[in-house]
Amino acid sequence: MPKVKIAIIIGTTRAARFGHKPAKWIEQIAAQRGDLTTEVLDLRDYPMPFFDEVASNAWAASQNEVAQRWQKKVAEFDGYIVVTAEYNRGVPAALKNALDYAYPEWNKKAVAFVGYGSVGAARAIEHLRLSAIELQMAPIRTGVHIQGGDFLAVWKGDREIAELSYLKQNATDMLDQLVWWSGALQAARDQPVQAAA
Ligand SMILES: Cc1cc2nc3c(=O)[nH]c(=O)nc-3n(C[C@H](O)[C@H](O)[C@H](O)COP(=O)(O)O)c2cc1C
């Protein structure tokens, strides 16, 4: 089976952000496997305005050049790992905006989540799972949640994420499922959805 192409999306952009650390951690774990390739997509490299098109690009081509570049990049992958924080119990605005700026490029692809924060971004990730369904994606079951005192210790620099050994099994389970779904959808993607006879 060919390797699936997975994008690791860093979902926050602020100057003092933490998000690139868990992105690096999951990238290093994925690099030990032979069944996928990864590329980190940093939303800082795609500074799109708050959504300002006549419609979703499901209906009308986007005019903004950065949005066009983002859509082209998103289209390259079979699946995604979204690395996210939680801002006021919700999805960070830059991440939601980036999701909204593409549509067909997300369709029929799998998505997994790595969250961090007091509850491991669990509440933001539940919302992201619903958005994924609207984007015609398959959100996979197992997520990685770096949470509570462990998150604080890593955030303060007292510990490394790699020292939290229990996360490794979660990451392995998540990647196993993501690879399976990405491969299954890659094979099926070109088949049209059939209406019942
Ligand atoms: C505007 C804002 C809202 C936040 N709201 C929450 C929250 O609802 N739940 C939570 O666990 N952490 C919350 N936090 C703390 C974040 O988990 C923590 O700052 C984390 O590092 C943010 O991700 P980032 O550094 O990648 O931006 C919030 C942080 C910010 C900046």
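Predicted model, so just to flag it, every value in this text is computed and none were measured. Start at 1 and go down the list; that is how both ligands and their atoms are numbered. Position 1 is the first residue of the sequence, and the numbers go up from there.
- More than 12 heavy-atom neighbours from other residues, nucleotides or ligands sit within 6.0 angstrom of CZ on Arg69.
- Given atom 19 (O) of ligand 1, the protein heavy atom at minimum distance is Arg14 NH2, 3.8 Å.
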For side-chain hydrogen bond (donor to acceptor under 3.5 Å, both in side chains), just list the numbers for Ser118 and Gln147, CA-CA rounded to whole Å, side-chain angles, deciding distance to a tenth of an Å, and then say yes or no.
CA-CA 5 Å; Ser118 60; Gln147 59 189 310; over 6 Å; no
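- Heavy atoms of Arg123 approach ligand 1 to within less than 4.0 angstrom.
- Ranking the protein heavy atoms by distance from atom 5 (N) of ligand 1 puts Asn88 N, 2.7 Å first.
- Here's the thing with Gly19: one of its N/O atoms is less than 3.5 angstrom from an N/O atom of ligand 1.
- Considering every non-hydrogen atom in both Ala121 and Gly115, the closest pair reads CB-CA, 3.8 Å.
- The closest protein non-hydrogen atom to atom 29 (C) of ligand 1 is Tyr87 CD2, 4.0 Å.
- On a distance-only criterion, Ala85 and ligand 1 share no N/O pair closer than 3.5 Å.
- Nearest heavy atom pair, residue Leu95 against residue Gly11, reads CB-O, 3.4 Å.
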Can you list the steps and then say if Arg189 with Asp78 is a salt bridge (Lys or Arg N to Asp or Glu O under 4.0 Å)?
CA-CA 10 Å; Arg189 197 146 48 235; Asp78 301 308; 2.9 Å; yes
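- Protein heavy atom closest to atom 18 (C) of ligand 1, with residue, atom name and distance, is Phe151 CZ, 4.0 Å.
- Remark: minimum distance from atom 28 (C) of ligand 1 to any protein heavy atom is reached at Glu86 O, 3.7 Å.
- Closest to atom 17 (O) of ligand 1, if we only count protein heavy atoms, is Gly117 CA, 3.7 Å.
- The two residues Tyr101 and Phe50 make their nearest non-hydrogen contact at OH-O, 3.7 Å.
- At least one N/O-N/O distance between Arg89 and ligand 1 falls below 3.5 Å.
- Salt-bridge check for Lys73 with Glu76: passed, with a basic side-chain N closer than 4.0 Å to an acidic carboxylate O.
- When hydrogens are left out, the protein atom nearest atom 21 (O) of ligand 1 is Trp155 NE1, 3.6 Å; that is the closest non-hydrogen contact.
- With respect to atom 10 (C) of ligand 1, the closest heavy atom belonging to the protein is Ser118 OG, 3.5 Å.
- Shortest non-hydrogen contact noted between Arg44 and Thr13 is NE-O, 3.0 Å.
- Side-chain atoms of Trp181 and Arg141, non-hydrogen and from C-beta on, never get closer than 4.5 Å to each other.
- Distances below 4.0 Å separate heavy atoms of Thr12 from the following atoms of ligand 1: 24 (P), 26 (O), 27 (O).
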